[in-house]
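Residue numbers count from 1 along this sequence. Keep in mind that this is a model prediction, so the values were computed, not measured.
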Amino acid sequence: GSNVLRMSSGIQIKPKTAAQKGKTSSPLLCSPKPAIKPQPKPSDKLNPKTIDPFGAPSRTPSAFAAIYAKGGIPCRLVHGSVKHRLQWECPPETVPFDPLLVTLAEGLRETKHPYTFVSKEGFKELLMVEGATEKAVPLLPRLVPVLKAALAHSDGEVFERGLGALVQLSAVVGPSLNDHLKHLLTNLSRRLMDKKFREKISVALEKLEQYGGKATVTIIKSKIPTYCSV
């Protein structure tokens, strides 16, 4: 009736208690072994889809960065000796505007290279293809909130990219933008207080009037009373 087990060698061993068994049998209580990071393969450097240009894996990439990394943006940055350019995987005129134009507009809020260049240049080049007007007009309800977000961004360069994209869009869709214009003018009015952007905004407003027609003047003045028609 003793709790002590006798072995042939005469050594006495006490059976382990339930608490002691739990300490040794539960893997959750053991300190985990450090994970061995796989060494990067040389081929990884050659494939831009596997590289995180941020160089900060702990930071969650933006939606645009994630789409770009997966090859969802059909163009890539090509470094030139004088200036950079985009290389399209297929002719831009064959690419569906929905959802690419909206995705590129969302990329205007990026602050990291190469996304800043790809989004800005891609948006511009896509709007330059034949038939861009018919393809872009139906997307205005989705494009305007995205451009509004860029114009409201605290980063001055993001704002300037948004302003440039707005003028490019206006040149393509013309008066069709008038129904949505008031949603964008509030942010332009706020930035007019900053001398750094005042001239660029004034030029942009003149372009919007030029492309949007006489009705645009009334819309602009409703949000920016100091605007003088050209």
Side-chain angles (χ1 to χ4, degrees), residues 62-68 70-78 84-110 114-153 158-188 200-201 203-223 227 229-230:
S62 65
F64 183 84
I67 294 172
Y68 184 83
K70 292 176 183 177
I73 310 295
C75 54
R76 283 289 180 274
L77 168 67
V78 177
H84 302 325
R85 65 180 179 85
L86 281 187
Q87 180 176 324
W88 291 82
E89 295 171 4
C90 51
E93 55 269 19
T94 65
V95 178
F97 271 42
D98 188 1
L100 183 58
L101 190 65
V102 179
T103 303
L104 289 168
E106 289 172 344
L108 295 170
R109 299 200 302 275
E110 294 289 339
Y115 311 128
T116 49
F117 181 86
V118 172
S119 58
K120 176 184 175 181
E121 193 65 21
F123 188 85
K124 182 180 79 173
E125 292 187 13
L126 203 57
L127 285 176
M128 290 170 63
V129 304
E130 187 176 351
T133 302
E134 292 76 14
K135 296 176 182 179
V137 168
L139 297 177
L140 285 177
R142 288 157 60 194
L143 281 170
V144 169
V146 176
L147 289 179
K148 182 180 178 180
L151 294 172
H153 203 283
V158 171
F159 170 77
E160 289 186 16
R161 283 194 292 274
L163 187 64
L166 173 60
V167 172
Q168 291 159 9
L169 182 63
S170 175
V172 171
V173 302
S176 296
L177 186 61
N178 286 342
D179 291 338
H180 309 274
L181 196 55
K182 61 181 180 180
H183 301 297
L184 302 164
L185 292 172
T186 302
N187 292 315
L188 298 190
K200 291 179 180 179
I201 293 173
V203 172
L205 291 173
E206 292 174 0
K207 294 285 186 183
L208 292 175
E209 179 187 346
Q210 177 185 337
Y211 301 133
K214 292 182 179 179
T216 311
V217 180
T218 305
I219 300 170
I220 294 176
K221 280 186 171 291
S222 69
K223 294 292 182 180
Y227 175 69
S229 172
V230 292

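- Taking the salt bridge (charged side-chain N to carboxylate O under 4.0 Å, His left out) definition, one finds that Asp98 meets it with Arg142, sequence neighbours left out.
- When all heavy atoms are compared, the tightest approach of Arg109 to Ala149 is NH1-CB, 3.5 Å.
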Side chain to side chain contact (heavy atoms under 4.5 Å, CB included) evaluation trace for Leu86 with Val78: CA-CA 6 Å; Leu86 281 187; Val78 177; over 6 Å; no
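- Of the possible donor and acceptor atoms, none in the side chain of Lys207 sits under 3.5 Å from a partner among the backbone N and O of Leu166.
- In terms of modelled atom types and a separation under 3.5 Å, the side chain of Thr133 and the main chain of Val173 share no donor-acceptor contact.
- Of all heavy-atom pairs spanning Asn178 and Gly212, the tightest one is ND2-O, 3.1 Å.
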Show, in sequence, the C-alpha distance, side-chain angles and deciding distance for Val118 and Phe64, and conclude whether the side chain to side chain contact (heavy atoms under 4.5 Å, CB included) test is met. CA-CA 10 Å; Val118 172; Phe64 183 84; 4.2 Å; yes
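- A heavy-atom distance below 4.5 Å is found between the side chains of Leu101 and Leu127.
- Screening residues 169-181 for salt bridge (charged side-chain N to carboxylate O under 4.0 Å, His left out), with sequence neighbours left out, gives no hits.
- Minimum interatomic distance between Ile201 and Leu188 (heavy atoms only, all atoms of both residues): CD1-O, 3.6 Å.
- Note on residues 160-177: pairs passing side-chain hydrogen bond (donor to acceptor under 3.5 Å, both in side chains), not counting sequence neighbours, are Glu160-Lys200.
- Side-chain contact between Leu147 and Leu108 is present, with heavy atoms from C-beta onward closer than 4.5 Å.
- Contact between Leu126 and Phe97 at its shortest, heavy atoms only, is O-CZ, 3.0 Å.
- Looking at Ile73 and Tyr115, their side chains never come closer than 4.5 Å, going by heavy atoms from C-beta outward.
- Val144 is listed as a side-chain neighbour of Leu177, based on a closest heavy-atom distance under 4.5 Å.
- In this structure, the side chains of Gln210 and Glu206 stay at 4.5 Å or more apart for every pair of heavy atoms.
- Among residues two or more places apart in sequence or in another chain, the salt bridge (charged side-chain N to carboxylate O under 4.0 Å, His left out) test is passed with Glu106 by none.
- Contact record, Ile220 with Leu185: CA-CD1, 3.6 Å, taken as the closest heavy-atom pair.
- The salt bridge (charged side-chain N to carboxylate O under 4.0 Å, His left out) analysis of residues 213-223, with sequence neighbours excluded, yields no pairs.
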What's the verdict on side chain to side chain contact (heavy atoms under 4.5 Å, CB included) for Arg76 and Trp88, showing C-alpha distance, side-chain angles and the deciding distance? CA-CA 7 Å; Arg76 283 289 180 274; Trp88 291 82; over 6 Å; no
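- With sequence neighbours excluded, the residues that form a side chain to side chain contact (heavy atoms under 4.5 Å, CB included) with Ala204 are Leu163, Val167.
- Looking at every heavy atom in both residues, Cys75 comes nearest to Tyr68 through O-CE1, 3.8 Å.
- In Lys120, the NZ atom is not crowded: 12 or fewer heavy atoms of neighbouring residues, nucleotides or ligands sit closer than 6.0 Å.
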